[in-house]
Amino acid sequence: MAGTGVFEEIIEGQVFKYYTDGEWKKSASGKSVAIINPTTRTTQYKVQACTQEEVNKVIDSSKIAQKQWAKTPLWKRAELLHKAAAILKEHKAPIAECLVKEIAKPAKDSVTEVVRSGDLISYCAEEGVRILGEGKFLVSDSFPGNERTKYCLTSKIPLGVVLAIPPFNYPVNLAVSKIGPALIAGNSLVLKPPTQGAVACLHMVQCFHLAGFPKGLISCVTGKGSEIGDFLTMHPGVNCISFTGGDTGIAISKKAGMVPLQMELGGKDACIVLEDADLDLVAANIIKGGFSYSGQRCTAVKVVLVMESVADLLVEKVNAKVAKLKVGPPEEDCDITPVVSESSANFIEGLAKDAKTKGATFCQEYKRDGNLIWPLLIDNVRPDMRIAWEEPFGPIVPVIRINSIEEGIHHCNASNFGLQGCVFTKDINKAILISDAMETGTVQINSAPARGPDHFPFQGLKDSGIGSQGITNSINMMTKIKSTVINLPTPSYTMG
Ligand code: G3P
């Protein structure tokens, strides 16, 4: 159970503590932030409302710890990460329970998130050992005008303090996707969890604590965005920011100083369906891609662009599957569970109503109870409707009927987002041409968009992000190149 057993020390009374200097502490503010359970809509947990002074101290300790950590052999860093991964997996049940209560993620998916996170940490350890264990050797005479008088040795060195800000939808997994690469590369890590998902994050951090990481290397500060959000992201002690979330990322990137940024800010992933597509496969992928975790995924299918000639049949097949989705509480492992907050539910409702008013066809009756919104396929959507462009982050999927491939590509590329997209066709040549024409970081051929497996590159174009994620890319992003040049008094050429 959450907050018990090995997790007992992370809570006092009703309020979970924050983590710094290898200890669990109460904030001097004496204040807490309530976490509302999306299902019951009552306070489920409370976390510390940390102050700016506490953030300063956290970053100071983080700086000191990083200097020592950078001197720790790579194999030892990897060993500790493997240990943390094992502890995390061992305690998957209480952490998954937090996810169910804080973000209403279905019970089985919550367990999957924790297990996937353990695997991700282990993979980071292995990949780090491989890619950080080698550098480059360059010689000078390849550049015009030079003799071989200079030998250049390059290696990858850590950036310093990495600030990780994951979103509510994968608080554990998208936290470790930042923590693992940062630590293996020799950085220290300050985690600012999302409010909903914070308690799952605090449990995950305790697993790193139990693994025996040095004091100060990992910290987790909770609190109000208005109080410590900008303060953290603009803090001069932070050397790198890895953020996943919404529009806030655009604001952060404007305010952050001279630090490398890794940003993933959402998407409006298009699903282009050609006449020759396997419509059963498409329907299954619209269900999986559009409705899993009630559509609250950056990579969810957010608009279906289907050729008019097969649209009726596809809509019929999707509707048959929508009818089978189980709607209800996450504890019962329902497919569709309450969305994260009332304001989110209101926003989704606003998009649906706008489409209805402008003449779209609701394939199911619109139904809502609190934060629970029943799955809805909206057919005959047109470009003048908000749902054609905006990201609902909820269980509603718009269908736009198209008359040419170009029309589909045009709609996809007219979006300000460019995360992923997908195309369904049996013609691989057409699929490649369409993939090349789609302005998105990834295109899936004959499958719904998805981030994983977690070592694949993951990136968005335009407002969808900055840089590329995926384990290897994240490790590289959280390092910089250091060169040492050996200058020889006379040219030296190696004999064969
Ligand atoms: O931010 C990425 C997340 O929303 C989607 O991840 O694994 O569901 O494709 P995934």
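We count ligands from 1, going down the list as the structure has it; atoms in each ligand are counted the same way. On a predicted model such as this, the values are computed, not experimentally measured, just so you know.
With a 6.0 Å cutoff to the six-membered ring centre and a 45° limit on the axis angle, Lys105 counts as a cation-pi contact of Tyr293.
Residue Gln296 has no nitrogen or oxygen atom sitting less than 3.5 Å from a nitrogen or oxygen atom of ligand 1, judged on distance alone. Polar contact check, Thr244 against ligand 1: no nitrogen or oxygen pair lies under 3.5 Å apart. Taking distance alone, with nitrogen or oxygen atoms compared against 3.5 Å, Cys298 approaches ligand 1 more closely than that limit.
Ser474 pairs in a side chain to side chain donor-acceptor pair (under 3.5 Å) with only one of the listed residues (Gln262, Glu127, Gln469), which is Gln262. Exactly one residue among Thr233, Asp230, Leu163 makes a side-chain contact (heavy atoms from CB on, under 4.5 Å) with Ile252. That residue is Thr233.
For Glu349 and Tyr366, the side-chain atoms include at least one donor-acceptor pair closer than 3.5 Å.
Close approach of ligand 1 to Arg116 is summarised as follows: ligand atoms under 4.0 Å from at least one heavy atom of the residue are 7 (O). Heavy-atom contacts of Arg297 reach the following atoms of ligand 1: 4 (O), 8 (O), 9 (O), 10 (P) (cutoff under 4.0 Å). In the vicinity of Leu174, heavy-atom distances shorter than 4.0 Å reach the ligand 1 atoms 1 (O). Against a heavy-atom cut-off of under 4.0 Å, Thr299 is close to the following atoms of ligand 1: 5 (C), 6 (O), 8 (O), 9 (O), 10 (P).
Pairing each heavy atom of His203 with each of Phe16, the nearest pair is CE1-CE2, 3.5 Å. Considering all non-hydrogen atoms of both residues, Leu279 and Leu314 come closest at O-CD1, 3.9 Å.
The protein heavy atom nearest to atom 1 (O) of ligand 1 is Glu264 OE1, 2.4 Å. Looking from atom 10 (P) of ligand 1 to the surrounding protein, the closest heavy atom is Tyr170 OH, 3.4 Å. Nearest protein neighbour of atom 6 (O) of ligand 1, counting heavy atoms only, is Arg451 NE, 2.9 Å.
Using a cut-off of 4.0 Å between Lys/Arg side-chain N and Asp/Glu carboxylate O, Lys317 and Asp280 are scored as salt-bridged.
Asp269 places a side-chain N or O within donor-acceptor distance of the main-chain N or O of Gln420, the cut-off being under 3.5 Å.
Contacts of Asn169 with ligand 1, taken as heavy-atom pairs under 4.0 Å, involve the side chain alone.
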